[in-house]
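Before I ask anything, here is the structure I am working with.
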Amino acid sequence: AAAGLAMIVEPAVATDLAQILALEEHFGAQWSEASWRAELSGEGRRVLVARVDGELVGVACFQRLAEVVDLHRIVVAPSRRRLGLARAMLVAGLQWAIREGAARMVLEVEHDNEPAIALYRGYGFRPIAARADYYGPGADAVVMERPLEGVDADSVGMWEMEARDTPGASDARRAVR
């Protein structure tokens, strides 16, 4: 994180909608205002925002369906990338999913989005499938999954702690490298 910047990740509120929509301009396949309203008010949803010095610069949304939480998207303003905001929102979402009792989290990521794939791999996600043309012609998605059963919410991403809490977690971490 950059020195001197006050960063916070917190649940979004309805009054964040305009700033969330402004962030969407930096994302390839943009969501509509109606889609974001559904995320903010929908059952089993968690929308997190990242703020730097009070300015909304990132958003992530998750949806729980039975024992699975789906990470729908993470968006960070281009000028605020590489500060750890996506990582902080991902960890907060994983912690929420675990506290909700989810057994696993799944996501889709564009096949050539190497920074995002590296981030997800670093937090224990593994590729499980591909979806051809998911983001449009020639833009395939990689479907990734991360088991959550037996992981303590406070130890997410802290592999030594996860290894103590979860049988096989240290083996999974070695497989990332």
Side-chain angles (χ1 to χ4, degrees), residues 7-51 56-78 80-81 83-137 139-149 151 153 156-157:
M7 292 191 243
I8 188 169
V9 172
E10 61 189 1
V13 293
T15 53
D16 290 327
L17 182 60
Q19 292 173 64
I20 290 170
L21 290 171
L23 275 180
E24 276 290 307
E25 295 173 10
H26 306 295
F27 205 82
Q30 296 178 15
W31 280 6
S32 67
E33 182 175 342
S35 293
W36 276 108
R37 279 190 197 284
E39 291 298 315
L40 287 166
S41 61
E43 181 83 19
R45 304 287 192 0
R46 180 72 157 189
V47 179
L48 299 169
V49 292
R51 298 180 202 278
L56 194 153
V57 297
V59 64
C61 54
F62 306 83
Q63 180 179 11
R64 179 171 178 216
L65 297 167
E67 81 284 351
V68 178
V69 168
D70 192 356
L71 167 54
H72 286 224
R73 77 206 278 117
I74 294 179
V75 181
V76 175
R80 298 300 190 169
R81 291 186 182 150
L83 296 177
L85 297 168
R87 175 170 284 123
M89 290 185 290
L90 175 61
V91 168
L94 285 163
Q95 290 171 333
W96 171 78
I98 291 165
R99 289 186 180 112
E100 288 285 303
R104 61 195 176 102
M105 185 178 284
V106 296
L107 60 87
E108 293 87 18
V109 59
E110 198 158 349
H111 72 283
D112 59 358
N113 187 343
E114 292 176 19
I117 291 170
L119 170 68
Y120 300 137
R121 280 187 174 277
Y123 279 87
F125 286 85
R126 299 284 166 276
I128 58 168
R131 293 193 173 140
D133 302 326
Y134 184 79
Y135 293 101
D140 300 345
V142 176
V143 182
M144 300 182 82
E145 175 183 72
R146 197 242 198 247
L148 299 174
E149 288 178 316
V151 177
V156 167

- prompt: Side chains of Pro11 and Arg46: closer than 4.5 Å at any heavy-atom pair?
  reply: yes

Minimal non-hydrogen separation, Trp96 against Arg64, with atom names: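 So the minimum-distance heavy-atom pair works out to CH2-CB, 4.0 Å.
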
query: Do Tyr134 and Asp140 have side-chain heavy atoms sitting under 4.5 Å apart?
result: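 Result no, sub-4.5 Å side-chain heavy-atom pair not found.
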
- prompt: Atom CD in Glu149, atom CD1 in Ile98: separation rounded to 0.5 Å?
  reply: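 Glu149 CD to Ile98 CD1: 11.0 Å, rounded to 0.5 Å.
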
query: Just how far is it from atom CZ of Arg80 to atom CG of Leu85, taken to the nearest 0.5 Å?
result: 8.5 Å

field: Spacing of CZ belonging to Phe62 relative to CD1 belonging to Ile74, to within rounding of 0.5 Å
entry: 5.5 Å

message: Checking Leu40 against Arg45 for the side chain to side chain contact (heavy atoms under 4.5 Å, CB included) test, could you report, in this order, the C-alpha distance in whole Å, the side-chain angles of both residues, the deciding distance, and whether it holds?
response: CA-CA 7 Å; Leu40 287 166; Arg45 304 287 192 0; over 6 Å; no

- prompt: Should the pair Arg131-Glu110 be classified as a salt bridge under the 4.0 Å nitrogen-to-oxygen rule?
  reply: no

message: Can you confirm whether Val106 sits close enough to Leu71 that some side-chain heavy atom of one is under 4.5 Å from a side-chain heavy atom of the other?
response: no

query: Which atoms form the tightest heavy-atom contact between Val75 and Leu23, and what is the distance?
result: CG1-O, 3.7 Å

message: Could you tell me if the side chain of Tyr120 sits less than 4.5 Å from the side chain of Val109, heavy atoms only?
response: yes

task: Applying side-chain hydrogen bond (donor to acceptor under 3.5 Å, both in side chains), name anything that partners Arg81, two or more places apart in sequence or on another chain.
output: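 Arg81 satisfies side-chain hydrogen bond (donor to acceptor under 3.5 Å, both in side chains) with no other residue.
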
field: Pairwise side-chain contact, Arg121 with Met144, heavy-atom cut-off 4.5 Å (strictly under)
entry: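 Touching, per the 4.5 Å side-chain cut-off.
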
query: Does the pair Asp70 and Leu65 meet the rule for a side chain to side chain contact (heavy atoms under 4.5 Å, CB included), with working shown?
result: CA-CA 8 Å; Asp70 192 356; Leu65 297 167; 5.7 Å; no

- prompt: For the side chain of His111 and the backbone of Val142, is there at least one donor-acceptor N/O pair under 3.5 Å apart?
  reply: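 Answer holds: no.
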
task: State whether Arg51 and Asp16 are salt-bridged, where the test is any N-O pair (Lys NZ or Arg NE/NH1/NH2 against Asp/Glu carboxylate O) under 4.0 Å.
output: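 Salt bridge present between Arg51 and Asp16.
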
task: Side-chain contact test, heavy atoms from C-beta onward, threshold under 4.5 Å: evaluate it for Glu24 versus Arg73 and give yes or no.
output: yes

field: Residue list, side-chain contact (heavy atoms from CB on, under 4.5 Å) with Ala88, at least two apart or on another chain
entry: Val9

query: Does the side chain of Leu90 come within less than 4.5 Å of Phe125's, by heavy atoms?
result: yes

query: Can you name the nearest heavy-atom pair linking Gly124 to Pro147, along with the distance?
result: O-CD, 4.4 Å

message: I want to check something: taking the side chain as every heavy atom from C-beta on, are Leu21 and Trp36 in contact at a cut-off of under 4.5 Å?
response: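 Counting from C-beta outward, Leu21 and Trp36 do come under 4.5 Å.
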
message: Using 0.5 Å steps for rounding, measure from the CD atom of Glu33 to the CD1 atom of Ile20.
response: 11.0 Å

task: Assess whether side chain to side chain contact (heavy atoms under 4.5 Å, CB included) is satisfied between Arg126 and Glu145, documenting all intermediate values.
output: CA-CA 5 Å; Arg126 299 284 166 276; Glu145 175 183 72; 5.9 Å; no

- prompt: Looking at CD of Glu10 and CG of Leu56, how far apart are the two atoms once the value is rounded to the nearest 0.5 Å?
  reply: 8.5 Å

message: Using every non-hydrogen atom in the two residues, find where Leu148 and Ala102 come nearest and quote the distance to one decimal.
response: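 Looking at all heavy atoms of both residues, the shortest contact is CB-O, 3.6 Å.
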
message: Testing the 3.5 Å rule here: is there a donor-acceptor pair between the side chains of Glu39 and Trp31?
response: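 Result is no, nothing qualifies.
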
Residue pair Gly58 / Met89: nearest heavy atoms and the distance that separates them: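 In this case the closest contact between Gly58 and Met89 is C-SD, 3.8 Å.
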
